[in-house]
Amino acid sequence: MGGVLAALAGLAVGSVAAGFLGTPQTPVVAIGSAFIDRVPPWLKDLAISWFGTHDKTALRTGIVIVVVALAAVGGVLAVRRYWAGALITVALTGAAVAAALTRADSGQTGFLPSAMAGITALIILRLFSRRLEPLLNFPDDAVSRRGFLQLSGGVALGSAAAALLGRVVGGNRAAVADARNKLQLPKPPSLNPPAGVQANGAVPWATPNDDFYRIDTALSVPQIAPADWKLRIHGMVDHEIELTFDDLLKRPVVHKWVTLTCVSNEVGGDLIGNALWSGVVLKDLLEEAGPSKDADAIQSMSKDGFTAGTPLPTLLDGRQAMLAFAMNGQPLPVEHGFPVRIVVPGLYGYVSATKWLVDIEVTRFDQFEGYWTPRGWSALGPIKLSSRIDVPGGKKVEPGPVTVAGVAWDQHVGVSKVEVRVDGGQWQQATLATDASIDTWRQWHWTWDAPRGTHVLQVRATDDKGNPQVESSAPPAPNGSTGLHTVNVKVG
Ligand SMILES: Nc1nc2c(c(=O)[nH]1)N[C@H]1C(S)=C(S)[C@@H](COP(=O)(O)O)O[C@H]1N2
Ligand SMILES: [Mo]
């Protein structure tokens, strides 16, 4: 009891301190972020498949449970020997402080919330062990019991008040949301998808922002007001460039539909979305900076220290890789990288699509590794040709004509053909919807005269160069899944 309350009070003080210091590093965030940076890829994939995009809530909850459980043990030990319980508190605090110190976005004060949390917990633990001593020796002493209960109530109330205060002073979030709402950005000529791109029965060709998948390592979403945003382009360049948000808006703006895909997408998975991005073409900026002939990459960095390594040619070959500030006509949602992120058609997000972008270094692949490379993922990540069946889903269908439909993608190469087969039979050509560009997914549909029974549907795509999709199954690591999306359908 004392241990649990000490821990909760510590965590509450930690989050208030983080709020006042303007750092995202509450003790839970510090531990969680360090955990995310070190988690093996298989565990990350498992977490995504269990919790989907709620994996971060699950992690936060998990950390609180573990901390409170350890603190409970500490509390029990502290009843007899204060130092034994204190040792556990000190160890937990040490872990959180160390975790905060290793984070890029913690600044000089990032460790303070964790340290203050630890000190608070130690003091409260001490108070409890003092109050408990007389109770242990004289169990019937009403005065000691009252003292103990008063202390418990006081600490519980204090923690709740502190937690509330923490929410209020964590006002950075509200300020950034407000700045985002007030932002006036150049509007795309139209938000409507190009004519003919939507196939009957398929998912919406344009993914609404609220439905767009979110993948990142940010346990606490970086909050950057546009007025505070600055981008430095440096490294192997003739002229370093520094850019404010206003500078960015003064440049020519492009609006472009691009389908973003995560390398962790399993065959048939939904870690893919298509949006109209507005921003500034990166090529022009890079050419102004003048990359050295020996450079072959950029390392882009997020406010929170995430990095991606992108081949320089993909940024200069005219495919309109961009610094995007808007998504489907809205300022980037904060979770999708507000105020500025990178979008590169044809590359998986982990090697290109840095959100909360603050720094671009022109460099060489033999000089650095992007965030995911030492964690078992390839340095290079071109998106693989792939296709997915969206309908019919898992539901039972009536015999007779059934619409089979879905999407196929091979960004910056293009999809030229989609075929479907039933029960391993002949491949049948599906009807393709209009191709908006080679940088977006392409929808398809096929009408199946479905007989009663249980059947297996499969889809395969062919790219614009005539290469068929790789049929053998491979997992997402190290450079993207392959295999045919296979769906069982009950008819009858
Ligand atoms: N700062 C930052 N940017 C990031 C990541 C990240 O972890 N941190 N993840 C990348 C990955 S793996 C993908 S797939 C895309 C996902 O972008 P979205 O969340 O907007 O869909 O963002 C990329 N940009
Ligand atoms: Mo990703």
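From a predicted model like this one, the values you see are computed outputs, not experimental measurements. Ligands are counted one by one from 1 in listed order, and the atoms in each one are counted from 1 as well.
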> Of all the non-hydrogen atoms in the protein, which one sits nearest to atom 21 (O) of ligand 1, and at what distance?
Y213 O, 2.7 Å
> Can you give me the closest heavy-atom contact between V415 and D435, atom names plus distance?
O-OD2, 4.2 Å
> I want to know if ligand 1 touches W372 in the polar sense, i.e. an N/O pair below 3.5 angstrom.
no
> If the plane angle is over 60° it's perpendicular, under 30° parallel, otherwise tilted; pick one for W377 and W372.
perpendicular
> In terms of residue, atom name and distance, what is the protein heavy atom nearest to atom 9 (N) of ligand 1?
I215 O, 3.3 Å
> Within the 4.5 Å heavy-atom criterion, are P186 and L249 side-chain neighbours or not?
yes
> Check each atom of ligand 1 against the heavy atoms of F212 and keep those under 4.0 Å away; list them by number with element.
21 (O)
> Under 4.0 Å from a heavy atom of Y350: give me the atoms of ligand 1 that qualify, with their elements.
11 (C), 12 (S)
> Is there a side-chain contact between V267 and L484 (heavy atoms, below 4.5 Å)?
no
> Nearest heavy atom to atom 22 (O) of ligand 1 wins, so pick from R341, E335, K303.
R341
> Could you tell me the residue and atom name of the protein heavy atom closest to atom 3 (N) of ligand 1, and the distance to it rounded to 0.1 Å?
K355 N, 3.0 Å
> Name every donor-acceptor pair, under 3.5 Å, that has one atom in a side chain of residues 345-353 and the other anywhere in the protein, sequence neighbours excluded.
from	atom 1	to	atom 2	distance (Å)
Y348	OH	K384	N	3.1
Y350	OH	S378	O	2.8
S352	OG	Y348	O	2.9

> Look at atom 7 (O) of ligand 1 and say which protein heavy atom is nearest, naming residue and atom and giving the distance to 0.1 Å.
T217 N, 2.8 Å
> Are any of the N/O atoms in A353 less than 3.5 Å from those in ligand 1?
yes
> Heavy atom to atom 10 (C) of ligand 1, shortest distance: which of S302, G349, G337 holds it?
G349
> How close does the nearest protein non-hydrogen atom get to atom 4 (C) of ligand 1, and which residue and atom is it?
F306 CE2, 3.6 Å
> Under a 3.5 Å threshold, yes or no: a donor from one side chain and an acceptor from the other, between D304 and S302?
yes
> Any idea which atoms of ligand 1 are less than 4.0 Å away from a heavy-atom of C262?
14 (S)
> Going by the side-chain contact (heavy atoms from CB on, under 4.5 Å) test, name the single residue among V29, I36, I31 that passes it with S33.
V29
> Heavy-atom contacts under 4.0 Å between W356 and ligand 1: side chain, backbone, both, or neither?
side chain
> Can you see whether F368 has R364 sitting over its ring - NZ or CZ less than 6.0 Å from the centre and within 45° of the normal?
no
> Can you find a side-chain donor-acceptor pair between Q469 and S387 that sits under 3.5 Å?
yes
> Just jot down the ligand 1 atoms closer than 4.0 angstrom to any heavy atom of T354, in number order.
3 (N), 24 (N)
> If you measure every N/O of T261 against every N/O of ligand 1, is any gap under 3.5 Å?
no
> Please set out all donor-acceptor pairs under 3.5 angstrom arising from side-chain atoms of residues 195-209, sequence neighbours excluded.
from	atom 1	to	atom 2	distance (Å)
Q198	OE1	W205	N	2.8
Q198	NE2	A202	O	3.4
Q198	NE2	V203	O	2.9
Q198	NE2	Q443	OE1	3.1
W205	NE1	W441	O	3.4
T207	OG1	N274	N	2.8
T207	OG1	N274	O	3.4
N209	OD1	N328	ND2	2.8
N209	ND2	M327	O	3.1

